[in-house]
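Predicted, not measured: the structure shown is a model, and the values here were computed from it.
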Amino acid sequence: MVGEEGAFVLGWDEVLTEEELSTTLKVLCMSEEEFKEYKEQDGWEDDSEEEENSTLSNEALSRLKTPCKKLLYDSVLLTLESYGTDLKAEQVLLNDKAAYEKLSRREQQALHVRYGQKRILHQLLELVQ
């Protein structure tokens with residue numbers, strides 16, 4: 001369901017891998033009985049039109065059912081824990097010109113990428129809280 005990387009792609013305004021995330025959340029939040037029915041029907045062929053018209057925008061994420069929000073929230077926390085530093089540490093380093101200048105060009109670029117990723121993850125935490 002998640003694809004080769006085993007990750008979802010989030011943007012500032014919406015989930016970019018919305019079909020994968022939507023299907024994963026549905027399956028993981030199912031009861032055992034619902035999952036058996038899902039497997040017997042080989043998925044949701046009837047829902048394909050509904051899913052084409054739905055977008056996992058930030059607004060839609062904030063309206064998810066509580067079990068899905070909890071699952072997303074916990075997943076984001078685990079992802080944030082996998083980083084060596086937190087968002088505040090990245091902000092401090094970005095604002096400290098002397099320390100920033102000591103970084104190689106590659107380290108500076110990596111810092112900007114990590115900072116952006118963490119900001120998106122923190123935004124997601126707020127949406128599903």
task: Could you please spell out the steps behind the side chain to side chain contact (heavy atoms under 4.5 Å, CB included) verdict for E20 and V15?
output: CA-CA 10 Å; E20 292 90 345; V15 176; over 6 Å; no
query: Are E101 and K97 close enough, and set up right, to give a salt bridge (Lys or Arg N to Asp or Glu O under 4.0 Å), and what steps lead you there?
result: CA-CA 6 Å; E101 293 296 325; K97 293 210 185 273; over 6 Å; no
query: Given the rule in the side chain to side chain contact (heavy atoms under 4.5 Å, CB included) test, do R105 and Q108 qualify, once you have shown the distances and angles that lead to the verdict?
result: CA-CA 5 Å; R105 182 75 179 132; Q108 290 173 354; 3.6 Å; yes
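Within the hydrophobic cluster formed by Ile, Leu, Val, Met, Phe, Trp and Tyr side chains joined at under 4.5 Å, directly or through other members, V9 is accompanied by L16.
When all heavy atoms are compared, the tightest approach of M30 to E34 is CA-OE1, 3.3 Å. Summarising the geometry of L61 relative to K69, their closest heavy-atom pair is O-CE, 4.0 Å, with the distance given to 0.1 Å. The shortest non-hydrogen separation linking Y83 to Q117 is OH-OE1, 2.8 Å.
Atom CZ of residue F8 and atom OG1 of residue T24 lie 3.5 Å apart, to the nearest 0.5 angstrom. We find the CG-CG distance between L21 and L64 to be 8.0 Å, quoted to the nearest 0.5 Å. In this structure, OG1 in T23 is found 10.5 Å from CG in L28, a value given to the nearest 0.5 Å.
Taking 4.5 Å as the limit, every side-chain heavy atom of Y38 sits out of range of all side-chain heavy atoms of K26. Side-chain contact check for D74 versus L78: every heavy-atom pair is 4.5 Å or farther apart.
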Return a table of donor-acceptor pairs under 3.5 angstrom between the side chains of residues 85-93 and protein atoms on other chains or two or more places apart.
| unit_1 | atom_1 | unit_2 | atom_2 | d |
| --- | --- | --- | --- | --- |
| T85 | OG1 | E90 | OE2 | 2.7 |
| T85 | OG1 | K118 | NZ | 2.9 |
| D86 | OD1 | K88 | N | 3.4 |
| D86 | OD1 | A89 | N | 2.9 |
| E90 | OE1 | R114 | NH2 | 3.3 |
| E90 | OE2 | R114 | NE | 2.9 |
| E90 | OE2 | K118 | NZ | 2.6 |
| Q91 | NE2 | Y115 | OH | 3.3 |

Sequence neighbours excluded and cut-off under 3.5 Å, please list the side-chain donor-acceptor pairs for residues 120-127, or say none.
| unit_1 | atom_1 | unit_2 | atom_2 | d |
| --- | --- | --- | --- | --- |
| Q123 | NE2 | W12 | O | 2.7 |

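Judged by distance alone, the side chain of S22 and the main-chain N or O of E19 form no donor-acceptor pair under 3.5 Å.
Note on K36 versus E40: no salt bridge recorded, every NZ/NE/NH1/NH2 to OD/OE distance being 4.0 Å or above.
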